[in-house]
Each structure stands twice: as structure tokens, then as C-alpha cells.
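One structure is given below, encoded as C-alpha cells.
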2 protein chains.
Amino acid sequence: MTDRSSLRDQPPAPSGGEALLFLTDEQLRKGIEAMFFAYRGFTADPDRILAELDYGRAHHRALHFINRMPGTTVSNLLAILGVTKQSLNRVLRALIAEGLVESRIGRTDRRERHLHLTPAGATLERRLSQAQRARMRAAYRAAGPDAVAGFRQVLEAMMDDEIRHQYHALRDPRG
Amino acid sequence: MTDRSSLRDQPPAPSGGEALLFLTDEQLRKGIEAMFFAYRGFTADPDRILAELDYGRAHHRALHFINRMPGTTVSNLLAILGVTKQSLNRVLRALIAEGLVESRIGRTDRRERHLHLTPAGATLERRLSQAQRARMRAAYRAAGPDAVAGFRQVLEAMMDDEIRHQYHALRDPRG
DNA sequence: AAGTTACGTCAGTCTTGTTGACATTCCAAG
DNA sequence: CTTGGAATGTCAACAAGACTGACGTAACTT
């Protein structure tokens, strides 16, 4: 409320023992801006490909996670993407209509739809993924292995708890 | 094109000298997912505040950078935010109408509009920023100082070149 | 048989982005 | 002084992608 609220929430001087990180507002703001600008770069390359094909980021996300968790159900995908079923359905309908995604009725529970990429879907997913990985690989190489470890640690700590669990549960389908 | 395209773009075995980072697709995919999930967390707290006040992320971004670069022109803000003037104008008009932002005609060049936060604008900016910094601070503390340095390095390497220059040019207005 | 779950869909709204067209204002160059 | 171009603002139309609410159907559970 007062003009010094941005100063008041600073920690006191670092204590003697294990140092509490002393983080200025300025350092934190630079981190916030870095996230903002980096995310733009992160999505730029796939966005260009998607625009050519009249798809959007929403389609990319669906393709990514269907590839990552083949046979996943609609509800599960919903939970991971954090959108409503109406929103996801619009995207899935398009992907199914254009033959990129296949929806199979569940064997044990016939209410469920299990989602898989078709060969065409897998091809597009790979194209998008390669563009995004190329930038990620370049950034990782430029920064070095220790930086990469730190990068991953901070990102993980920034996630909501629930999401972090889902993140950890993701495994390489080709593993 | 073939099924092994995802393997073909791997680097060869690490050379003898300074090791080229060996990065598997799986490692890169986890990084991509970490960015995706972390960005959701990154925006979650301010989003909740904004929703209460019937503002959106676009308003937050404008407030953030006007605070960061007081007196900046509309064109400059446009370049940083990477949107069209029509899109930004809608947001700015609302912020000005509600007394959060002031638009001053340039002294030397009267075509330019120099943007400043009003006290009310500064208060909201601080509220949003504090929510976002709290999460960032917690993540930084959890990960530790070395991780933070790595985090920043990787994010910087991920930006487009032009944007990275603008990022470096940002200075604390309270310097 | 009744209730719940999973999914799909229709209809309507909102934010935030886009283009295109056009007006205004003003600086600067001829 | 006139003209061209730059910076800004505004109107209109549109689209993607998110949302809520309501409803229907099929299938599983109790």
C-alpha cells in the first residue's frame, strides 16, 4: 500500500548459516522479462510452420501430448492442457477431420476415446518438434550443461504442484 | 521424412576436445515441456488478480513495460511487446480511460506520446508484480544461485537476437 | 433402475491478436 | 511554402482460442 511495499518484502540480511538467497526486485524483474522474451522465441519457429498450414498453437500442443502419451484419453489431455473440453474439442475435431489424429473407442471402457497420431500427424508433429528442438538445442549448447541443469531446476520450481506431478509422469513413448 | 528423422539430427559421438553437448530428443522434449508448464505457473498469479479487475495479460504487459521505461513512446512499446498498434491501442485506451496510464505529448516531437503510470497505475503494477515476483523468488530460492545463473543463461540464448538487445537495454528506472 | 462419468456439441461471449483504410499532426527536405 | 513521410490514433471487420451454460447420448457403476 505504501510506496515502499516493494522494499518491505525483501528478506533481511543473509543469516549466518545456509545463505538465504538475497534477491532484489531488480533481479526478479529481469527474470520475469527473460521468461517473457524467451517464451516468444520458444514458440516463434513452430508458429511460423503452423501459420502456413492454418493451424495454431493449440493444435501443436495437442499433437505434442498425443505423441507423448499415445492412447491417452480426452479427459487426460484436458487435464494436462488445462483447457475446457469445448476448447479442446474444436481443435481435436479439426485434427481428426484432416487425418492427423485418430480417435479409438476404448476396449475396456467404451465411453473413452483413445487418441493416436496417424502417420501424417506424426510427420507434422516431428516437423514442429524439430523446429522447436533446434532452438532449444542451440540454447542448451550456448549455455552449457551446468546452465541447463539450473534452467530445468528453476522451471520445475516455478510450476504449480499438480502440474509438476504430471510433468514428472511424462515418459518418452519410444523409451 | 523417414521414421528415423528424429535420430538422424543427433550429433555424432562427442569429439575429443571441448565436448559438444550430447542432447537427446528426450532431453530436449523435457525442456520444451518444462517451458510450457512453467510459463503457465509464471502467469497464474497475476492472471487471478487481473480477472478480478476485468483486465487481461495484455494490460499487465503494458503496465509492466511502462513502469520499466517511464516516458517511453507508443512505437517503442509496440516494438517490445511485438503486437500491432491497433492491438496495443485498445489496451492503452482502456488504461488511460481508467486513470492508470497517462499519455503526454512529446516536448521536442509533439507527434509522440510519452507514457507514464499514474499513482493508481503504479499501485496495480506493484500488486501484479509482487504476485509474480513471489513465485519467482520461491523458485529461485528452491533452486539456488547457480541454478538461477543457468536459468538466465539458457533463457537469454533462447531469445531472438533483436529481442535480446532490447532485453539487455532494460534498466531499473529506480536505478 | 437410477445415478454418474466420458464425451461431444450447440450457442453465445470475451480477450487478444490480425488487416486494411483513413485522418491528423507534425517534422523535415526541397 | 509546399510536400512527403513519420508517428499516432481510430474505425471496421475478422479470426483464433479461450470461456460458460445447457443439453444429449452412450456406457459404466451401484
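Naming convention: chains lettered A, B, ... in sequence-line order (proteins, then strands); numbering from 1 in each chain. Heavy atoms only: backbone and side chains are in, while hydrogens, waters and symmetry mates are out.
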message: Pick the closest DNA chain D nucleotide for B:D109 and for A:H59 by heavy atoms, then say which residue is nearer the 5' end.
response: B:D109
query: Taking for each residue the nucleotide of DNA chain D bearing the nearest heavy atom, is the 5' side occupied by A:V83 or by B:T73?
result: B:T73
task: Please assess A:R40 against B:D160 for the test salt bridge (Lys or Arg N to Asp or Glu O under 4.0 Å), listing each intermediate value before the final yes or no.
output: CA-CA 8 Å; A:R40 279 241 295 273; B:D160 281 339; over 6 Å; no
Tell me whether the side-chain N or O atoms of [X] pair up with the base of [N] as donor and acceptor below 3.5 Å, since no angle test is needed here.
X      : N      : result
A:R110 : D:dA27 : no
A:R90  : D:dA18 : yes
A:Q86  : D:dG21 : yes

field: Criterion side-chain hydrogen bond (donor to acceptor under 3.5 Å, both in side chains) against B:S129, the qualifying member of B:R126, B:Q132, B:R133
entry: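 One option only clears the test, and that one is B:R133.
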Among [options], the one nearest [X] by side-chain distance:
X      : options               : result
B:K85  : D:dG9, C:dA6, D:dT20  : D:dG9
A:R93  : C:dT9, D:dC11, C:dT25 : C:dT9
B:R111 : D:dA18, C:dT18, D:dA7 : D:dA7
B:E112 : D:dC23, D:dA7, D:dG17 : D:dA7

Measure [atom1]/[X] against [atom2]/[N] and give the value in whole Å, please.
X      : N      : atom1 : atom2 : value
A:L81  : D:dG17 : CG    : P     : 13 Å
A:I105 : D:dC28 : CD1   : C1'   : 14 Å
A:H60  : D:dA18 : NE2   : P     : 14 Å
A:L92  : C:dT9  : CG    : C1'   : 13 Å
B:L88  : C:dT19 : CG    : C1'   : 17 Å
A:R107 : D:dA27 : CZ    : P     : 17 Å
B:N76  : D:dA6  : CG    : P     : 18 Å
B:N89  : D:dA7  : CG    : C1'   : 12 Å

query: Hey, does the side chain of B:T84 come within less than 4.0 Å of C:dG17's phosphate (OP1/OP2), counting only N and O?
result: no
- request: Considering only NZ, NE, NH1 and NH2 on the basic side and carboxylate oxygens on the acidic side, decide whether B:E26 and A:R68 come within less than 4.0 Å.
  value: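 Salt bridge: yes.
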query: If you pin B:A58 and A:V74 to their nearest nucleotides in DNA chain C, which one's is more 5'?
result: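 It is A:V74, whose closest nucleotide lies nearer the 5' terminus.
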- line: Checking B:F65, B:F42, B:Y39 against A:F36 for ring-ring contact (aromatic ring centres under 6.0 Å, His included), the one that qualifies is B:F65
- prompt: What is the ring orientation for A:Y55 with A:H59, classed by angle as parallel under 30°, tilted 30 to 60°, or perpendicular over 60°?
  reply: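 Rings of A:Y55 and A:H59: tilted, as their planes differ by 30° to 60°.
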